[in-house]
Amino acid sequence: MEKVGDYDELVNLKATELRLGLPGTEETISCGKSNKRALPDDDTEKEIESTGKTETASPPKAQIVGWPPVRSYRRNSIQTKKNESEGQGNYVKVSMDGAPYLRKIDLTVYKKYPELMKSLENMFKFSVGEYFEREGYKGSDFVPTYEDKDGDWMLIGDVPWEMFVSSCKRLRIMKGSEVKGLGCGV
Amino acid sequence: MALRLPSKVLKHILSFIDSNEDRNSVSLVCKSWFETERKTRKRVFVGNCYAVTPAAVARRFPAMRSLTLKGKPHFADYNLVPDGWGGYACPWIESMAAKSPYLEEIRLKRMVVTDDCLERIAASFKNFKVLVLTSCEGFSTDGIAAIASTCRNLRVLELRECIVEDLGGDWLSYFPETSTSLVSLDFSCLDSEVKISDLERLVSRSPNLKSLKLNPAVTLDGLVSILRRAPQLTELGTGSFAAELKPEAFTKLSKAFSNCKQLQSLSGLWDVLPEYLPALYSVCPGLTSLNLSYATVRMPDLVELLRRCSKLQKLWVMDLIEDKGLEAVASYCKELRELRVFPSEPDLDATNIPVTEQGLVYVSKGCRKLESVLYFCVQFTNAALITIARKRPNLKCFRLCVIEPFAPDYKTNEPLDKGFKAIAEGCKDLRRLSVSGLLSDKAFKYIGKHAKKVRMLSIAFAGDSDLMLHHLLSGCESLKKLEIRDCPFGDTALLENAAKLETMRSLWMSSCFVSFGACKLLSQKMPRLNVEVIDEHPPKTRPESSPVERIYIYRTVAGPRMDTPEFVWTLHKNPEIGVSKLAIK
């Protein structure tokens, strides 16, 4: 899991953790993947501990790793086809915390990250600060993130551009307080 | 006085026994039968590459000609096993190269295979004939080129859903210039273009070619040209059908297909436009296997195709077929044995999946020979499951994926316990079962009680307590592989049924409540199991009662493995040593 080490450093997992378990149980796991376990399902006895990061604002359902159980090979084929069949370009949704509605952008229009960032900044009227490889984005309350093919939320800018375009499913511009430790040095 | 069967006679008798299960039984009778059996076994199957050392296998089966190996746990298919976990083919290839140079066939599933490995295979086995890699990764097209150029007797080269570093289509030109003995070639998972002229020439000089699966980069024109040169094909995987429909192109395609009088299996069909489907009509009546699972064809075009496939035995399709389409399948495809319906949008968000439980009920009612099902839909009912069980007691494999986790019977709001009880009770020959939806411990009590022949069981988001696991481990007599994710239990049932684990190939549990302490205890109790904990944080940094992220437990005579990555901890049998990495790094 190439991503996990970085993810660990970037996100304060304890605070944003979703887990399957009764409240009060000693829960010290903070594996990146475990965030996906719990579901916002109220029929069951399982309490969901979620602080700060409200799932209701972004995707309607919490993404669960490896569910539904479709082979990655097949998932990737479908995703590629979806992108291609969307006619020109690769449109992905962009949400910003606090903004009332989402936008859509075509990733194929851009050749590299600075262009994308400028466009996002214009679209949502904010500024994103400077990107540092180790610490992430500094100098702004806003942090640009994206959801990749595996359902993980990643910091924009970490991977080569082509890899980003082919694995990005949607973007989310996170705001300040939700992003403890995500390299948001204010 | 006991009469001893002369070993020559026994040898002759054994030459008629192919099934490895039977051979395993034979080898348990007595020492001399064990000896004769091992010296005559040609096809060796190792279901878990860590259960035994390559050297031991080579030693035991000196006549081995074919080796099949499986590596990663099944849930690796769904990204639940981190990269770098293991499953390396190299040690096996190294060992076989030295000890079994007459090896002719290698089949690997979910293993990491490098180019070096492939080159070693090419260099070491003079009579190498068959290479089948399924869901493997770690190699590039250079490795394939090595196999193509060096293995002069190559008959089968199949790359099934592998992740290959594609360095270009050159590898195809590495096959020997003289005629080849190729019978089957599958490069459908490669991305880049191959030169059509290379492919044409290869096909022309491969008179024995029966099965050919092209990659999406091969165009329709290319396909036509290939079919003209290989009308004897029995299995075809097409390339992409995305070209704009032109009348002459269509006519050429139709003609090419109609000349393939022996075609029985058809797959590929990426991006197929419905206007092209009629080109396939001529081969439909002869088809026994049709894989439309990558074809985004909808109704009613699908029905037009399927109603002509009266001999169809295996159908893989996307949920775009809708209940209506499945109703048509039920009336036209009376020979159907296997049905798989995949989701066209494999997301939790997807709410408009066009198949419901009704589709599966239609097929269960209409297709008497149906024995294997994989079905994805949003929700289900007990009534439907009960009907399916009643109509199809001959089911051998039933994998239902209700995409909505914890979804109850949507008509009665009850758990799907009764439905799966009917399946377990009614389908007495059931060998593989995947359950989903809202299930209480009761469901597993029924499964434990009735599903006596189930060998592989997959469970997600189910059950209430430890009882669930206890029912399964104590009840399912034939259980060999159990994989569980996101279920609320662990320790007690696991420890109580520890002995059962040695009768099974493996147990996978992720996101359950198995504590590290229990893993340690289990490992101490059962020295012939490898208890592997997959967790990013060293278990020592947490209290023993806290749950571990994932565990993979398997029986082995090879001891703890030496190639674990940093996030896998094998619990050592010796409590003094405790948890160790055991890696000689």
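In what follows, chains are A, B, ... by sequence order, proteins preceding strands, each numbered from 1.
Judged by distance alone, the side chain of Arg71(A) and the main-chain N or O of Glu161(B) form no donor-acceptor pair under 3.5 Å.
Note that the CG atom of Asp77(B) and the OH atom of Tyr73(A) stand 13.0 Å from one another [nearest 0.5 Å].
Pairing each heavy atom of Cys401(B) with each of Pro68(A), the nearest pair is SG-CB, 4.4 Å. Across Phe376(B) and Pro69(A), no two heavy atoms sit closer than the pair CZ-O, 3.3 Å.
The 12-atom threshold is not exceeded at CD1 of Ile163(B), counting heavy atoms of other residues, nucleotides or ligands nearer than 6.0 Å. The local environment of CD in Glu544(B) is crowded, with over 12 non-hydrogen atoms from other residues, nucleotides or ligands closer than 6.0 Å.
Between Ser293(B) and Arg74(A), the closest side-chain pair of non-hydrogen atoms falls below 4.5 Å. Between Asp486(B) and Trp67(A), every side-chain heavy-atom pair lies at or beyond the 4.5 Å cut-off. Side-chain contact between Arg75(A) and Asn79(B) is absent, with no heavy-atom pair separated by less than 4.5 Å.
Contacts between Pro216(B) and chain A at a heavy-atom distance below 4.5 Å are absent for every atom of the residue. Of the two parts of Phe75(B), neither the backbone nor the side chain holds a non-hydrogen atom closer than 4.5 Å to a non-hydrogen atom of chain A. For a residue to count as touching a neighbouring chain, one of its non-hydrogen atoms must lie under 4.5 Å from one of that chain's; by this rule Ser135(B) touches chain A with the side chain only.
Checked against salt bridge (Lys or Arg N to Asp or Glu O under 4.0 Å), Lys72(B) has the following partners two or more places apart in sequence or in another chain: Glu137(B).
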